[in-house]
Amino acid sequence: MGTHQANASPAFHLPPMIELDSSTLLLVNALFGVLAVGVWLVLAFPFRIARRACLLLAMAQTVMLPTLVAGPGPFRELSGICLLVALGLLSLSLRQLLRLRQQRLDLLGLLALGLLADLARLSGLPAPISMALTALCMAALALLAGRDLLLGSLGLDGWLRGGLVAPYAAMTTYLMLRAIALMEPEQAPQWLLQDPRQHAGLAAAWLVLAMAISGGLVALVLSRLIQRIEALTRHDPLTGLFNRRELREQLARQQARAQRGHVHALLMLDLDHFKRINDELGHAAGDAALCHVARLLRAAVREQDCPARYGGEEFALLLPDTTLAGAMVLAERLREALATSVWSWHGRHWSLTASFGLALSSAAPPSRGRVPPASASELLVGEALVDAADRAMYMAKSKGRNQVCLAPLPGSAPC
Ligand SMILES: Nc1nc2c(ncn2[C@@H]2O[C@H](COP(=O)(O)OP(=O)(O)OP(=O)(O)O)[C@@H](O)[C@H]2O)c(=O)[nH]1
């Protein structure tokens with residue numbers, strides 16, 4: 001953090017009568033750093049969790065190590081640069097973890113500015129000014145890291161998010177105060193001009209900060225892992241669409257809404273003569289055709305819809321707040337989009353079609369998504385809705401395929 005030499009190292013007192021000097025605290029910090037490097041490497045390699053972010057964190061922690069243990073000499077001279085680079089790597093890895101990896105220019109710009117400010121000492125810029133400018137760049141990096149944590153999609157509630165941001169806020173405040181102190185040394189308290197080698201309190205604070213930041217990062221990596229596992233349990237691995245389990249959950253949610261008067265529709269579709277693709281082109285081609293259908297489905301639906309792979313070559317589309325007219329339009333549009341789309345496998349074009357079965361939770365008025373609250377007997381929901389759509393889909397198969405059939409509903413006639 002600076003190049004001041006450690007003359008006397010005042011002790012930091014912890015009750016009951018534990019006395020720690022700054023070198024011991026820095027050594028503990030370095031040992032903690034070595035442990036953290038090991039943790040990041042284990043997460044990155046054997047476990048392959050957030051690999052790039054973990055690698056950046058391992059590098060950040062490694063870059064920090066010389067600043068913690070270096071005696072007087074060239075390494076200590078470089079401690080400002082090491083800290084700056086470590087902070088830059090930490091901010092980059094946070095962006096990676098928060099999936100903001102496309103924005104890097106601001107961080108790289110601050111890193112470059114900080115390096116220039118530190119190196120400017122060599123060409124005659126007074127050391128306190130150079131150190132103050134470097135500290136300001138570090139403060140900006142810490143501030144951006146805190147902001148990213150505040151705004152990023154973490155899946156964490158307010159208090160946890162606040163706990164993650166707190167160390168970055170503390171670091172930003174300290175670095176800014178230090179920059180001001182370096183520029184106005186006469187009016188600044190002495191501890192702001194010292195570095196952790198000279199002040200046991202600072203060394204202790206640095207250790208606490210390092211532990212809080214590492215703990216927060218581990219929590220972040222774990223929350224990403226949990227999100228990934230959750231996504232795996234809800235999605236079909238081949239197509240990336242929702243799976244049957246998630247469809248059931250969404251159907252149950254819609255069942256509760258249907259009882260309050262909301263209408264939803266379920267569209268089931270089954271590819272026609274799909275077996276031929278597998279037989280003539282191979283199983284990999286069959287998989288690619290399923291992915292093609294999944295892309296069409298995804299492109300056709302609204303955000304609130306639930307496109308799912310029901311199993312094999314059968315797909316389902318749950319459409320909340322959808323009337324009969326709207327669902328019919330969508331089903332026809334999808335049928336046509338699939339029949340006219342070009343799917344090819346190794347230069348061989350193949351015409352894909354599907355048979356569609358449509359069922360509605362209730363016979364809604366044509367232009368509104370809501371009907372008066374209905375009793376359970378007037379509704380077609382959950383597994384009964386799936387069965388009805390499935391039967392309508394088989395009806396479409398028996399009528400010659402590549403068409404949409406509507407399941408019978410009170411007030412509407414079957415096709
Ligand atoms: N490639 C691939 N094939 C699958 C997958 N799941 C199911 N299948 C195949 O899908 C085919 C379904 O065949 P059938 O049930 O006879 O249906 P179809 O050939 O589409 O005929 P119709 O539905 O009557 O039009 C079978 O050959 C299954 O092996 C999958 O994930 N990948």
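Since the model is a prediction, treat every value here as computed from it, not as a measurement. In each ligand, atom 1 is the first atom listed, and ligand 1 is the first ligand listed.
Of the N and O atoms on the side chains of Arg335 and Asn402, at least one donor lies less than 3.5 Å from an acceptor on the other residue. Thr322 and His264 share no donor-acceptor pair across their side chains, judged by distance under 3.5 Å alone. Looking at Gln254 and Gln250, their side chains never bring a donor and an acceptor atom within 3.5 Å of each other. Side-chain contact check for Thr353 and Asp272: at least one donor-acceptor pair (N or O, by modelled atom type) lies under 3.5 Å.
Considering only non-hydrogen protein atoms, atom 2 (C) of ligand 1 sits nearest to Asp287 OD1, 3.3 Å. Nearest protein heavy-atom contact of atom 9 (C) of ligand 1 is Asn278 ND2, 3.3 Å. The protein heavy-atom contact nearest to atom 22 (P) of ligand 1 is Lys397 NZ, 3.4 Å. Annotation: atom 6 (N) of ligand 1 to nearest protein heavy atom, Gly312 CA, 3.2 Å. For atom 10 (O) of ligand 1, the nearest non-hydrogen atom of the protein is Phe274 CD2, 3.1 Å. In this structure, the protein non-hydrogen atom closest to atom 12 (C) of ligand 1 is Glu313 OE2, 3.3 Å.
Atom numbering of ligand 1 starts at 1 in the shown order; those under 4.0 Å from a heavy atom of Leu290 are 30 (C), 31 (O), 32 (N). Near Gly286, with a cut-off below 4.0 Å to any heavy atom, the atoms of ligand 1 are 1 (N). Atoms of ligand 1 lying under 4.0 Å from at least one heavy atom of Asp270, given by number and element, are 23 (O).
On a distance-only criterion, Arg276 and ligand 1 share no N/O pair closer than 3.5 Å. Here's the thing with Leu271: one of its N/O atoms is less than 3.5 angstrom from an N/O atom of ligand 1. Checked by distance only, ligand 1 and Asp272 stay at 3.5 Å or farther apart across all their nitrogen or oxygen atoms.
Atom 19 (O) of ligand 1 has its nearest heavy-atom neighbour, among Lys275, Glu314, Arg401, in Lys275.
Here Lys275 does not pair with Glu313 in a salt bridge; the nearest charged N to carboxylate O distance is not below 4.0 Å. Using a 4.0 Å cut-off between charged nitrogen and carboxylate oxygen, Asp279 and Arg276 do not count as a salt-bridge pair.
Within the structure, the closest approach of Arg309 to ligand 1 falls below 4.0 Å when heavy atoms are considered.
Using the six-membered ring where Trp is involved, His292 and Trp343 have ring planes that are tilted, between 30° and 60° apart.
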Please assess Asp321 against Arg257 for the test salt bridge (charged side-chain N to carboxylate O under 4.0 Å, His left out), listing each intermediate value before the final yes or no.
-> CA-CA 9 Å; Asp321 298 314; Arg257 294 186 76 240; 3.2 Å; yes
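The two atoms that bring Ala265 and Ala327 nearest to each other are CB-CB, 3.8 Å, heavy atoms only.
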